Amino acid sequence: MPELPEVETVCRGLEAALRGRRLARVEVRRADLRVPFPAGFAERLTGRRVTAIRRRAKYMLWAFDDGQVLIGHLGMSGRMVIGGGAPPPPGRHDHVLFVTDDGGHVVFNDQRRFGLMLLDHQDTLEHHPLLAGLGPEPLGNGFDGPTLSAALAGRHTPIKAALLDQRVVAGLGNIYVAEALFRARISPRRQAYTVAGARAERLVPAIRAVLEEAIAKGGSTLRDYVQATGELGYFQHEFAVYDREGEACRSCQRGLVRRIVQANRSTFYCAACQR
DNA sequence: CGGCAAACCTGCGAGC
DNA sequence: TGCTCGCAGGTTTGCC
């Protein structure tokens, strides 16, 4: 489900609800996700105060007053849902309950159990295996045409697959790769190493724009995704190509949106205007 | 080493 | 109605 815009939206919601709050109770109801919860997860967080919540790539990072950091990932179907009042009885796929000292709570729900929650410390975080190899943040200053070209140099794989590689650029997934390539008029089948110079200079702002617009709309809701506040995302209504197989291209009007499979994932594009 | 398919898990919709 | 198949926003593993 969640790519950068969805995780960013969730983090903003959590920040508003949790920053400055102490965790009065933490309850792990089911620990056997694809990556199991670490031993002592609940105990290590109970009584700790949340000092900040931020995002790196598709990871949530919750910082605590004792230097611990919770590294969270929503996988394909993970949700974080903020509630007030008494915590509800455990629902299906509710894996963790966080109760705060102001009487609120947050539930981590993940139907497919591809998500994860791990613990690390602030001073070792940048060396954590999940974070160490990540590429630049696409909305940050370290992402530009030359940087992207360099990351793609020598890569004999379709640009679609390269952009899904979190070492190239961090936070893109299947939806936003398709939308960004459409905006940059680059075919998803083009070999990655040929995206250099002017093409890379087109792709960088296309990636930035689609992510910023998606964040402004609260992300994209297809099936599982909701914001932490429970609201839906609305960017799915703006898709130019994703999940629009057979529909007319919004840009060139000549072609129909085509669906192909690359690296075992669906790719949507317009063969008439993406080269 | 690079690139790709399969695996992980659950649920839903389409088609027979 | 009910079954099977294919597919889903991600990432890792293992094979060639």
Side-chain angles (χ1 to χ4, degrees), chain A residues 1-11 29-37 55-60 71-80 91-95 108-118 128-135 138 151-181 188-194 207 210-211 214-215 217-228 232-239 241-246 259-268:
Chain A
M1 132 205 165
E3 305 182 29
L4 186 153
E6 289 75 30
V7 180
E8 178 66 26
T9 302
V10 165
C11 283
R29 290 158 167 172
R30 179 161 189 178
D32 63 328
L33 307 198
R34 182 169 184 269
V35 177
F37 284 85
R55 177 194 60 73
R56 169 75 171 112
K58 299 171 194 169
Y59 292 97
M60 304 179 285
I71 303 173
H73 197 292
L74 298 172
M76 290 278 260
S77 56
R79 303 174 166 200
M80 303 298 307
R92 194 158 160 72
H93 309 305
D94 285 349
H95 304 314
F108 170 46
N109 174 290
D110 183 8
Q111 172 182 113
R112 295 177 70 182
R113 290 194 276 131
F114 289 169
L116 63 81
M117 283 193 173
L118 301 176
H128 193 284
L130 291 177
L131 306 178
L134 292 171
L152 297 173
R155 299 219 31 178
H156 290 249
T157 193
I159 184 66
K160 156 72 186 293
L163 293 177
L164 286 177
D165 185 338
Q166 303 296 296
R167 296 170 300 186
V168 171
V169 54
L172 296 181
N174 212 30
I175 293 176
Y176 298 106
V177 165
E179 296 296 318
L181 287 172
R189 312 172 67 150
R190 171 175 284 281
Q191 288 292 293
Y193 69 89
T194 71
I207 290 171
V210 74
L211 295 177
I215 291 169
K217 298 270 181 175
S220 302
T221 294
L222 301 185
R223 273 166 291 274
D224 306 305
Y225 170 72
V226 291
Q227 303 184 34
L232 303 179
Y234 294 96
F235 190 72
Q236 67 277 13
H237 303 300
E238 314 295 324
F239 291 169
V241 288
Y242 185 83
D243 208 18
R244 297 189 66 237
E245 181 183 14
R259 175 184 177 273
I260 60 173
V261 174
Q262 295 177 296
N264 269 347
R265 316 278 312 268
S266 288
T267 294
F268 300 90

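Each chain gets a letter, A, B and so on, in the order the sequences are listed, and its residues count up from 1. All values derive from a computational prediction rather than experimental measurement.
Between A/Asn264 atom CG and B/dA5 atom P there is a gap of 5 Å when expressed in whole angstrom units. Residue A/Glu3 contributes atom CD, which lies 13 Å from atom P of C/dA8 at whole-angstrom precision. Rounded to a whole Å, the CG atom of A/Leu152 is 15 Å from the C1' atom of B/dG3. A/Asp32 has its CG atom 9 Å from the P atom of B/dC9, to the nearest Å. Between the CG atom of A/Leu211 and the C1' atom of C/dG9 there is a distance of 14 Å, rounded to whole Å. Protein atom CG of A/Leu222 is 14 Å distant from nucleotide atom C1' of C/dG10, rounded to whole Å. Between the CD atom of A/Gln166 and the P atom of C/dG9 there is a distance of 14 Å, given to the nearest Å. Put simply, CE on A/Met117 is 18 Å from P on C/dG10, counting in whole angstrom units.
A distance of about 16 Å separates the P atoms of C/dC5 and B/dA6, rounded to the whole Å. Across C/dG9 and B/dG3, the matching P atoms stand 22 Å from one another, rounded to whole Å. When the C1' atom is compared between B/dC9 and C/dG2, the two are found 23 Å apart, to the nearest whole Å.
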Distances for protein N/O vs nucleotides 11-14 of chain B N/O pairs under 3.5 angstrom?
| from | atom 1 | to | atom 2 | distance (Å) |
| --- | --- | --- | --- | --- |
| B/dG11 | OP1 | A/Arg92 | NE | 2.9 |
| B/dG11 | OP1 | A/Arg92 | NH2 | 2.8 |
| B/dG11 | OP1 | A/His93 | NE2 | 2.9 |
| B/dG11 | OP2 | A/Arg92 | NH2 | 3.1 |
| B/dG11 | O4' | A/Gln111 | OE1 | 3.3 |

Quick test: give all pairs of protein nitrogen or oxygen and nucleotides 12-16 of chain C nitrogen or oxygen below 3.5 Å, distance rounded to 0.1 Å.
| from | atom 1 | to | atom 2 | distance (Å) |
| --- | --- | --- | --- | --- |
| C/dT12 | O4' | A/Arg34 | NH2 | 3.3 |

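Residue A/Phe235 is classed as having no contact, given no heavy-atom separation below 4.0 Å to the nucleic acid. Base engagement by A/Arg265 is indicated by at least one non-hydrogen atom pair under 4.0 Å involving a base atom. A/Asn174 comes within contact range of the sugar-phosphate backbone alone, with a heavy-atom separation under 4.0 Å but no base atom that close.
For A/Asp224, whose side chain is taken as the heavy atoms from C-beta onward, the closest listed nucleotide among C/dC7, C/dG9, C/dG10 is C/dG9. Candidate nucleotides B/dC4, C/dC7, C/dG10 were compared by shortest atom distance to the side chain of A/Pro158, and B/dC4 ranks first. Minimum atom distance to the side chain of A/Tyr242 is reached by C/dA8, of the listed C/dA8, C/dG10, B/dC4.
Judged purely by atom type and a 3.5 angstrom limit, A/Asn174 uses its side chain to pair as donor or acceptor with the backbone of A/Ser266. For A/Asp94 (side chain) and A/Arg30 (main-chain N/O), no donor-acceptor pair under 3.5 Å exists by modelled atom type. In this structure, the side chain of A/Lys58 does not engage the main chain of A/Glu6 through any donor-acceptor pair within 3.5 Å. Between the side chain of A/Gln227 and the backbone N or O of A/Thr9 there is no donor-acceptor pair closer than 3.5 Å. Side-chain N or O atoms of A/Asn109 include one that pairs as donor or acceptor with a backbone N or O of A/His93 at under 3.5 Å.
Between A/Pro138 and A/Val169, the closest heavy-atom pair is CB-CG2, 3.7 Å. Here the closest non-hydrogen pair linking A/Phe268 and A/Val241 is CB-O, 3.2 Å.
OP1 or OP2 of B/dC4 has at least one side-chain nitrogen or oxygen of A/Thr157 nearer than 4.0 Å. Neither OP1 nor OP2 of C/dG10 sits under 4.0 Å from any side-chain N or O of A/His73. Between A/Ser266 and the phosphate of C/dA8, there is a side-chain N or O to OP1/OP2 separation shorter than 4.0 Å.
Residue A/Arg190 qualifies as enclosed at atom CZ: its count of foreign heavy atoms under 6.0 Å is above 12. Within 6.0 Å of CZ on A/Arg29 lie more than 12 heavy atoms contributed by other residues, nucleotides or ligands.
Secondary-structure stems of DNA chain C, taken as three or more successive Watson-Crick or G-U wobble pairs (i with j, i+1 with j-1) under a 3.5 Å distance threshold, comprise B:2-8 with C:10-16, B:10-16 with C:2-8.
Taking CG from A/Leu74 and CE from A/Met76, the interatomic distance works out to 12.5 Å, rounded to the nearest 0.5 Å.
With centres under 5.5 Å and a plane angle under 30° as the test, the ring of A/Tyr225 is not stacked against the base of C/dG9. Stacking annotation: A/Phe114 is not stacked on the base of B/dC9 (requires ring centroids less than 5.5 angstrom apart and an interplanar angle below 30 degrees).
Salt bridge annotation for A/Arg112-A/Asp224: absent, with no cationic side-chain nitrogen under 4.0 angstrom from a carboxylate oxygen.
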For A/Phe235 and A/Ile175, run side-chain contact (heavy atoms from CB on, under 4.5 Å): C-alpha distance rounded to whole Å, both residues' side-chain angles, the deciding distance at 0.1 Å, then the answer.
CA-CA 11 Å; A/Phe235 190 72; A/Ile175 293 176; 5.7 Å; no
A/Leu211 vs A/Glu8, test: side-chain contact (heavy atoms from CB on, under 4.5 Å). Steps then yes/no.
CA-CA 10 Å; A/Leu211 295 177; A/Glu8 178 66 26; over 6 Å; no
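Donor-acceptor pairing under 3.5 Å, judged by distance alone, is absent between the side chain of A/Arg112 and the base of C/dG10.
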